[in-house]
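Since this is a predicted model, take the numbers as computed values, not measurements. All chains are named by letter (A, B, ...) in the order of the sequence lines, taking the proteins before the strands, and each is independently numbered beginning at 1. Below, each value reflects all heavy atoms present in this structure, side chains not excepted, and no hydrogens, waters or symmetry copies.
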2 protein chains.
Amino acid sequence: MKYAQEDAVEKATILFWKKGFQGSGMRDIQQALDMRPGSIYARFQNKEGLFKLVVEQYVAHSKEKLQNVADSDTPLLSLREFFKTALINPDELRYMRQCLLVKSITELELIGDVGKKAVLEGMVLLNNCFANIIEKAIETKELQDTTPVAFAADWLQNQFVGLRAFAILQTDNSAIEKMIDKVLYDLAAQWPSN
Amino acid sequence: MKYAQEDAVEKATILFWKKGFQGSGMRDIQQALDMRPGSIYARFQNKEGLFKLVVEQYVAHSKEKLQNVADSDTPLLSLREFFKTALINPDELRYMRQCLLVKSITELELIGDVGKKAVLEGMVLLNNCFANIIEKAIETKELQDTTPVAFAADWLQNQFVGLRAFAILQTDNSAIEKMIDKVLYDLAAQWPSN
DNA sequence: GCAAAAATTGAACACTCGTTCAAGTTAACA
DNA sequence: TGTTAACTTGAACGAGTGTTCAATTTTTGC
């Protein structure tokens, strides 16, 4: 029963990821989950409740992957690999190049308070993950210890956002790789003071 | 008459900018333009036709501002100012921090072919503007002549996307300014080869 | 000042939206 | 095997969607 629920949330994730909150109708959801409206409402309260679970699972999953990066012996090299696998994938999985959270932010006003909260809290959580990676990279001397951790974490998250928007429109994978390289150069480059 | 049309498109721009294509209902549009459905359809064909005009006007407006940056004696300094005015504004204009085109990209599948085309062509057009700025900055020696123009233009556009996503969630204006500074540092820093 | 053309109106259309709930099915336990 | 509880079903609801069009008003040109 619990497994079936996780499975359902996973299927809903694909839908929301592809079509957004607003763009995913209850009838799309019913079809994707192979469930009738009554069951969906009994389980998830409503569309927004399902969306909340989707976001939470998405964040948990992303957090796990970013923590693996941080736990690596060479966090920055792992980060490069993480970016590559997130941004370069076969065409049928192209929708994944967009970050579900960022996509949701663009329609934040149309989502209710429950879903909104889940999205914003997810952003903060992933930001912490980026900060962890930077701290670890300082420990392994991949980055200077003068690197401003909190600011660089915000910056890295931004870069990810920009990269994802780029990757959606891009057909040339080598251009994406070069863009990732640039991010890693700049991460080790100069930071604004105070 | 022509003026009234531009005025209507401007009002529609605010609506689409705030709520997106999908999120802006015809009744919202009717209210915003103070027009009845028949008039709107007579003038703009349909919702998507209006959206197309909105995007085109938005792009034309953005292009103009970016061209002013390129025509400046110090394009990079002007670019900094351009970023600042686009990203730091009073709370009631906060919706403007998001790029209308990028916002539209996230719901591209839900917009028809006409609107989709307008958005994608707009992206290409603005990309050219960014390339112009970089070329001019090389001429004024603000950038090295080894800077890879086309790639740097893509990169700059990405930075703008990331910055705008950052600025929406950010309340601290000085953090945004620092993020802009970082972009300008990196623009003059190392680029990946081939 | 008047007729023809252009623009505007708003009620109504067919369809889709998220959601409900009484009825029916399946599972759990004694 | 009978009883209770948990879950599932799908028709139906009211509100919202983009769009149409005959009737009306305004503008235009002579």
Side-chain angles (χ1 to χ4, degrees), chain A residues 1-55 104 106-119, chain B residues 1-55 104 106-119:
Chain A
M1 194 89 320
K2 249 305 172 58
Y3 174 75
Q5 171 139 335
E6 271 182 33
D7 190 51
V9 172
E10 216 159 284
K11 283 170 178 165
T13 302
I14 296 173
L15 191 65
F16 282 128
W17 212 340
K18 279 182 178 167
K19 299 194 164 197
F21 178 78
Q22 179 87 180
S24 303
M26 280 308 292
R27 271 125 191 118
D28 297 326
I29 294 173
Q30 289 159 34
Q31 194 176 353
L33 308 196
D34 190 27
M35 281 175 136
R36 263 39 63 196
S39 304
I40 295 175
Y41 279 81
R43 253 189 221 264
F44 304 108
Q45 193 128 329
N46 53 28
K47 185 184 174 186
E48 203 185 344
L50 174 60
F51 179 74
K52 181 185 173 238
L53 288 183
V54 163
V55 168
S104 303
T106 63
E107 51 178 350
L108 213 51
E109 318 295 83
L110 306 158
I111 306 173
D113 287 342
V114 173
K116 197 169 171 173
K117 199 180 157 212
V119 170
Chain B
M1 195 90 318
K2 249 304 174 56
Y3 174 75
Q5 172 138 332
E6 272 181 32
D7 190 51
V9 171
E10 215 159 284
K11 282 170 179 166
T13 303
I14 295 173
L15 192 64
F16 282 128
W17 211 340
K18 280 182 177 167
K19 299 195 166 199
F21 179 77
Q22 178 87 183
S24 303
M26 279 309 291
R27 271 122 194 121
D28 296 327
I29 294 173
Q30 287 159 35
Q31 194 176 357
L33 308 197
D34 189 27
M35 281 176 137
R36 265 38 65 198
S39 304
I40 295 175
Y41 279 82
R43 252 190 222 263
F44 304 108
Q45 191 128 331
N46 54 26
K47 185 183 172 184
E48 201 185 345
L50 175 58
F51 179 75
K52 181 184 174 240
L53 288 183
V54 163
V55 168
S104 303
T106 64
E107 51 177 351
L108 213 50
E109 319 296 84
L110 305 159
I111 307 173
D113 286 343
V114 173
K116 197 169 171 172
K117 198 180 158 213
V119 170

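Within the 3.5 Å criterion, the main-chain N or O of A:P37 finds no donor-acceptor partner in the side chain of A:Q30. Looking at A:E107, its side chain does come within 3.5 Å of a backbone N or O of A:F21 through a donor-acceptor pair. In this structure, B:K47 contributes its side chain and B:S24 its backbone to a donor-acceptor pair below 3.5 Å.
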Quiz item: Given B:F51 and B:V114, is the side-chain contact (heavy atoms from CB on, under 4.5 Å) satisfied, shown in steps?
Solution: CA-CA 9 Å; B:F51 179 75; B:V114 173; over 6 Å; no
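Between the CG atom of B:L110 and the P atom of D:dG18 there is a distance of 12 Å, given to the nearest Å. The NZ atom of A:K19 sits 11 Å away from the P atom of C:dG18 (whole-angstrom rounding). Here the C1' atom of nucleotide C:dT9 and the CD1 atom of B:I29 are 18 Å apart, to the nearest Å. Taking atom CZ of A:F51 as the reference point, atom P of C:dG18 lies 13 Å away to the nearest angstrom. Atom OH of A:Y41 is separated from atom C1' of D:dA11 by 15 Å (rounded to the nearest Å). In this structure, A:M35 atom CE and C:dT25 atom P are separated by 19 Å, rounded to whole Å. When rounded to the nearest whole Å, the span between CD of A:Q30 and P of C:dT16 equals 13 Å. For B:N46 and C:dC13, the CG to P distance is 22 Å, given to the nearest whole Å.
Residues B:I40 and A:Q22 both approach DNA chain C. Their nearest nucleotides, taken by heavy-atom distance, put B:I40 toward the 5′ side.
Applying the 3.5 Å distance criterion, the base of D:dG18 shares a donor-acceptor pair with the side chain of B:R27.
Ion pairing between a basic and an acidic side chain is recognised when a charged N comes within 4.0 Å of a carboxylate O; A:D7 and A:K11 show such pairing.
Of the candidates C:dT8, D:dT8, C:dT19, D:dT8 carries the atom nearest the A:R43 side chain, counting heavy atoms from C-beta on. Proximity note for B:M26 (side chain, C-beta onward) versus C:dT19, D:dT19, D:dT8: the nearest is D:dT19. You'll find that the side chain of A:K47 is closest to C:dG18, out of C:dG18, C:dT8, D:dG18.
Across all strands, A:G38 comes closer than 4.0 Å to base atoms (heavy-atom distances).
Phosphate proximity of D:dG10 to A:R36: present, with a side-chain N or O under 4.0 Å from OP1 or OP2. Under 4.0 angstrom from either OP1 or OP2 of D:dT9 there lies at least one side-chain N or O belonging to A:S39.
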